[in-house]
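This one's a predicted model, so the numbers in the text were calculated from it and none came from an experiment.
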Protein chains: 2
Amino acid sequence: MRSDCPVSYALDFFGDKWTFLVIRDLLEGKKFYKDFLGSKEGIATNILSDRLKKLEVNGIVESKVYEKLKTMKQYSLTPKGKDLIPIVVEMMAWSAKYKTGLAIRRDFLDKVENNRAQLIRNIEARLA
Amino acid sequence: MRSDCPVSYALDFFGDKWTFLVIRDLLEGKKFYKDFLGSKEGIATNILSDRLKKLEVNGIVESKVYEKLKTMKQYSLTPKGKDLIPIVVEMMAWSAKYKTGLAIRRDFLDKVENNRAQLIRNIEARLA
DNA sequence: TTGCTCACTTGCTTTTTGCAAGTTAGTGAT
DNA sequence: ATCACTAACTTGCAAAAAGCAAGTGAGCAA
């Protein structure tokens with residue numbers, strides 16, 4: 001841990017190039033090692049292995065042997081991991097605003113937008 | 001850009017060890033190079049210089065010469081940068097939940113919590 | 001028992017980060 | 001005008017992390 005700042009604390013978990021993309025994959029329902037490997041960004045096997053390990057140690061991910069095929073390990077998010085969803089949501093909302101042509105559903109964004117507008121007002125009031 | 005995924009798009013801007021901490025500093029009201037250098041995490045001068053440059057190129061930060069003392073450059077967030085506030089907020093909320101003893105004001109968190117709970121319900125409904 | 005899949009590991013190269021020591025430009029005092 | 005001082009970088013090199021290709025070992029199916 002680099003400091004007692006909450007932002008810094010969070011970044012110690014996923015402030016690197018790959019960890020958050022693995023979390024995204026898990027949120028999208030991916031479960032197995034090869035699923036993560038198949039993602040468009042193209043993570044390397046050693047990096048993926050390392051990140052899954054760290055996420056598990058940090059209590060964000062848990063894994064168990066897949067009983068139907070014991071060579072496979074099934075990964076999933078813990079409650080602590082699922083609590084990262086709002087961060088993902090806000091990243092998506094931000095990207096949708098500033099990048100044209102991204103594949104995000106309109107109805108999803110509309111739902112987010114009201115919450116987001118309120119949040120911005122809250123925080124800007126604090127900063128003023 | 002590594003893919004057309006919105007999460008990946010966002011991470012291309014700040015998916016590294018330092019960029020988001022600089023954004024946090026700006027949100028906290030820091031303006032000058034030496035202010036960022038003074039942050040508790042201890043960023044190196046070359047990294048800071050590089051990140052400020054990239055943030056400016058990416059339209060998240062803007063800078064101008066500080067007229068009262070022309071050796072100093074004054075940095076600030078653009079609207080695009082300020083729109084990252086909700087992400088910061090959600091990071092803080094997550095950290096507050098999982099790390100004891102972090103310095104976040106209670107009243108601030110209470111405000112955030114309702115929005116967050118609603119967001120989680122929205123998204124989990126989508127994922128089910 | 002052979003061959004296949006899957007989840008890793010290993011060894012090596014390239015890129016990024018970290019650190020210390022400059023360099024350049026404005027400023028204020030002499 | 002020159003000197004000391006400060007602020008914002010830049011440079012060079014060492015250390016760490018990421019990227020890539022080629023293994024390895026454990027289950028499974030024929």
Side-chain angles (χ1 to χ4, degrees), chain A residues 1-3 5 7-8 11-26 29-58 60-77, chain B residues 1-3 5 7-8 11-26 29-58 60-77:
Chain A
M1 196 165 152
R2 286 183 284 172
S3 81
C5 162
V7 178
S8 176
L11 290 173
D12 283 342
F13 287 94
F14 47 75
D16 71 283
K17 213 168 165 178
W18 290 108
T19 302
F20 219 83
L21 291 176
V22 174
I23 292 167
R24 173 208 61 185
D25 283 353
L26 284 158
K30 288 179 181 168
K31 291 177 180 62
F32 302 108
Y33 191 88
K34 64 173 167 134
D35 296 336
F36 306 122
L37 271 189
S39 287
K40 285 161 294 187
E41 290 85 8
I43 190 170
T45 58
N46 53 348
I47 309 288
L48 176 57
S49 174
D50 177 75
R51 293 308 183 279
L52 285 169
K53 217 166 280 174
K54 283 177 181 163
L55 282 169
E56 204 164 353
V57 167
N58 289 331
I60 291 171
V61 160
E62 58 193 354
S63 71
K64 55 177 185 183
V65 171
Y66 182 56
E67 283 306 322
K68 289 177 187 168
L69 191 60
K70 285 188 182 136
T71 46
M72 292 170 78
K73 230 167 144 183
Q74 188 164 208
Y75 294 93
S76 59
L77 288 169
Chain B
M1 197 165 149
R2 286 184 284 173
S3 79
C5 161
V7 177
S8 176
L11 290 172
D12 284 341
F13 287 93
F14 47 75
D16 71 282
K17 211 168 167 178
W18 291 108
T19 302
F20 219 83
L21 291 176
V22 174
I23 293 167
R24 172 208 62 185
D25 283 353
L26 284 158
K30 289 179 180 168
K31 291 177 178 62
F32 302 107
Y33 190 89
K34 63 171 169 138
D35 296 336
F36 306 122
L37 271 188
S39 287
K40 285 161 293 186
E41 290 85 8
I43 190 169
T45 56
N46 53 347
I47 308 287
L48 176 57
S49 174
D50 177 75
R51 293 308 184 279
L52 285 170
K53 217 166 280 174
K54 282 177 182 163
L55 283 168
E56 204 164 354
V57 167
N58 289 331
I60 291 171
V61 159
E62 59 194 354
S63 71
K64 55 177 187 182
V65 171
Y66 184 57
E67 282 306 321
K68 289 176 186 168
L69 191 61
K70 285 187 182 136
T71 45
M72 291 171 79
K73 229 168 145 182
Q74 188 164 208
Y75 293 93
S76 59
L77 288 169

TODO: Using the heavy-atom set of chain B and a strict 4.0 Å cut-off, write down the first and last nucleotide of DNA chain C that makes it in, 5' to 3'.
DONE: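 Using the under 4.0 Å cut-off, the span is C:dT17 to C:dT27.
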Task: No-hydrogen, no-angle side-chain donor-acceptor test under 3.5 Å, B:S63 and B:E56 - done: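 Present: a donor and an acceptor within the cut-off.
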TODO: Could you tell me whether the side chains of A:K30 and A:S39 share a donor-acceptor contact shorter than 3.5 Å?
DONE: yes
Is there side-chain contact between [X] and [Y], with heavy atoms separated by less than 4.5 Å?
X     : Y     : value
B:D35 : B:D25 : no
A:F14 : A:V22 : no
B:T19 : B:F13 : no
B:T45 : B:Y33 : yes

Task: SB check A:E41 A:K17 (cutoff 4.0 Å) - done: no
Task: B:D50 bridged to B:K54 by N-O distance under 4.0 Å - done: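 Salt bridge present between B:D50 and B:K54.
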Value in whole Å for how far the [atom2] atom of [N] lies from [atom1] of [X]:
X     : N      : atom1 : atom2 : value
A:L48 : D:dC20 : CG    : P     : 14 Å
B:R51 : D:dC9  : CZ    : C1'   : 15 Å
B:I47 : D:dA15 : CD1   : P     : 16 Å
A:Y66 : D:dA26 : OH    : C1'   : 18 Å
B:N46 : D:dA16 : CG    : P     : 16 Å
A:K17 : D:dC20 : NZ    : C1'   : 13 Å

Open item on the list: Any side-chain to backbone donor/acceptor pair from A:D16 onto A:W18? Under 3.5 Å, distance only.
Closed with: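 Such a contact is found between A:D16 side chain and A:W18 backbone.
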Open item on the list: Looking at B:K40, I want to see if its NZ is surrounded by more than 12 non-hydrogen atoms of other residues, nucleotides or ligands under 6.0 Å.
Closed with: yes
- [ ] Using heavy atoms and a sub-4.0 Å distance, could you list which residues of residues 67-76 of chain B are near DNA chain C? By number, please.
- [x]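 Going residue by residue through residues 67-76 of chain B, the ones with a heavy atom under 4.0 Å of DNA chain C turn out to be B:L69, B:K70, B:T71.
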TODO: Check whether the ring centres of B:Y66 and B:F32 lie less than 6.0 Å apart, and answer yes or no.
DONE: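 Under 6.0 Å, so yes.
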TODO: Using heavy atoms and a sub-4.0 Å distance, could you list which residues of residues 30-37 of chain B are near DNA chain D? By number, please.
DONE: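 Residues of residues 30-37 of chain B that come under 4.0 Å of DNA chain D are, in numerical order, B:F32, B:Y33, B:K34.
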